[in-house]
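Along the sequence shown, residues carry numbers from 1.
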Amino acid sequence: MYGSNGVSDDAERTAFRRAEKKYKVYYDDSKSSKKKKQLKQVDLSEVVDFKAILRSFNQSGEVPPGTFALQCDFDRPVFCIENRPGFYFIPDALTVEEQGRWIRESLISFPQPYNRTNHNAIYGPIRDLFMAAKERKILVEEEDSSGGLDSLSNSSITNMDAERWKFYEENTVSSRGSTCKSISASVLLRKLRWSTLGLQFDWSKRNYNVSLPHNKIPDALCDLAKEMAAPAMSKGKVFQPEAAIVNYFGLGDMLGGHLDDMEADWTKPIVSMSLGCKAIFLLGGKSRDDPPLAMFVRSGDVVLMAGEARECFHGVPRIFTDQENAEIAPLELMFSHEDDVCFLEYIRSSRININIRQVF
């Protein structure tokens, strides 16, 4: 990939890229197709564990070198890193009930039009994707938009240019033997990578397009974001949530090193809420050549990035979906009712991250 001129791949990569490579998911090369692919072991000894730091702090008031507990009026411990000013980590910030609520909203409500998702470019805005996946429906491209397979189609597309894509019952599609393009709703759900709330971010132009129609960020999420943002706000200032990006991760997915730099005032934090499977978060410096710090983020953790931390490259190279490392037992118990089996199946192998921003 990087050539073979005698210089090692690692020598050609930046420090951030080397860390991504270190922690990303790899499989053992196996000649036997009968065996299930085994994940390669990864050295996690250098990963900062704020859950363990919180436990130690609650027991003795001590924290490891390089970190400190913020002195503030917040109702739970907030930890900072000495050489990363503007970065705040709030372990176990959300209750299990709050986690469950926002997992449900992230799957049912947040991908709804007018919110945009990564599927818009191909399929147009899709309505009720999670329910369609639960009901095993198929999204079909109609050859003639003036007529469908039959009258049982679900009017799931709200954009006139995309009316040719409609959800149908699985048996309806198979019985008709349609040659139209189609994809199952469950596959689309697994390929959901992001949705945008509030003011819509234009990925092609890398800015916020205030002219695009959008759904308001739910008041309850705004209130929660304001509460969580408090440790990073100047005295007397209140965080104003105006936009959010929801990221969806499955096994093997990663979010490459990047900056969140399109908001007008970097003194205001990005409020990042983790839901679902445990992941590794990389916090670098102002250059990709600065070695990043790796840390675990678990369901219920909240990260704030404000001021100088907004200039730091960061990313997510790995999520853990195995039972030993995912650490989602409380969520599994919450979603144990038979009506919640679809949420349980999804979150057992997924992570959701809600990033809330003040744009102006």
Side-chain angles (χ1 to χ4, degrees), residues 36 94-113 115-120 122-140 152-158 165-174 182-197 215 218 220-221 224 244-253 273-279 298-300 319-354:
K36 184 179 179 181
L94 307 180
T95 66
V96 176
E97 290 73 24
E98 287 173 321
Q99 295 170 46
R101 174 179 183 174
W102 298 116
I103 288 170
R104 294 175 193 273
E105 293 289 333
S106 295
L107 293 173
I108 295 175
S109 302
F110 294 168
Q112 294 282 66
N115 296 341
R116 296 197 301 163
T117 76
N118 56 295
H119 290 321
N120 280 59
I122 298 176
Y123 306 104
I126 302 173
R127 187 174 296 279
D128 299 328
L129 174 59
F130 185 79
M131 293 306 299
K134 184 177 181 179
E135 296 168 2
R136 302 184 183 278
K137 291 187 176 180
I138 309 293
L139 190 66
V140 178
L152 296 178
S153 66
N154 174 13
S155 182
S156 56
I157 306 299
T158 59
W165 289 98
K166 296 180 180 179
F167 277 127
Y168 289 88
E169 300 290 344
E170 189 175 23
N171 58 1
T172 302
V173 176
S174 58
S182 64
I183 185 170
S184 71
S186 60
V187 169
L188 282 174
L189 181 63
R190 278 298 169 189
K191 290 186 175 182
L192 182 66
R193 291 294 173 265
W194 54 263
S195 62
T196 50
L197 317 180
N215 297 335
L221 185 58
L224 181 60
I245 298 175
V246 185
N247 297 115
Y248 305 83
F249 299 82
L251 177 62
D253 290 340
M273 304 178 184
S274 290
L275 304 168
C277 292
K278 186 175 73 178
R298 297 174 171 85
S299 194
I319 76 163
F320 298 89
T321 60
D322 60 290
Q323 189 172 10
E324 180 182 356
N325 292 299
E327 298 189 33
I328 57 167
L331 289 174
E332 290 180 311
L333 182 60
M334 164 165 281
F335 291 129
S336 60
H337 192 276
E338 61 179 343
D339 292 342
D340 293 327
V341 65
C342 288
F343 297 106
L344 178 61
E345 289 177 353
Y346 183 91
I347 212 61
R348 273 179 169 163
S349 60
S350 305
R351 174 179 182 259
I352 298 172
N353 198 63
I354 305 176

Could I get the full list of ring-ring contact (aromatic ring centres under 6.0 Å, His included) partners for F320, not counting sequence neighbours? none
Looking at every heavy atom in both I347 and I328, which two are closest together, and how far apart are they? O-CD1, 3.6 Å
Restricting to non-hydrogen atoms, name the atom on S184 and the atom on V187 that form the minimum distance, rounded to 0.1 Å. OG-CG2, 3.0 Å
T117 and P111: which non-hydrogen atoms are nearest, and at how many Å? CG2-O, 3.7 Å
Distance-minimising heavy-atom pair for S299 and L331: OG-CD1, 3.4 Å
Relative to the ring of F110, is the ring of W102 parallel (under 30°), tilted (30 to 60°) or perpendicular (over 60°)? parallel
Over all atoms of both residues, closest heavy-atom pair of H119 and I126: CB-CD1, 4.1 Å
SB check D253 R351 (cutoff 4.0 Å): no
Just wondering, do P113 and R127 contact through their side chains at under 4.5 Å, heavy atoms? yes
How would you list, by chain and number, every residue that makes a salt bridge (charged side-chain N to carboxylate O under 4.0 Å, His left out) with E105, sequence neighbours excluded? none
Side chains of F335 and Y346: does their closest heavy-atom pair fall under 4.5 Å? no
So which heavy atom on Q99 is nearest to which on L94, and how close? NE2-O, 3.0 Å
Residues at least two apart in sequence or cross-chain that pass salt bridge (charged side-chain N to carboxylate O under 4.0 Å, His left out) with R348, listed by chain then number, are E332
Decide side-chain contact (heavy atoms from CB on, under 4.5 Å) for N115 and V246; before the verdict, give the C-alpha distance in whole Å, the side-chain angles of both, and the deciding distance to 0.1 Å. CA-CA 11 Å; N115 296 341; V246 185; over 6 Å; no
Hey, which of L188, I122, V140, I138 is the one that makes side chain to side chain contact (heavy atoms under 4.5 Å, CB included) with I183? L188
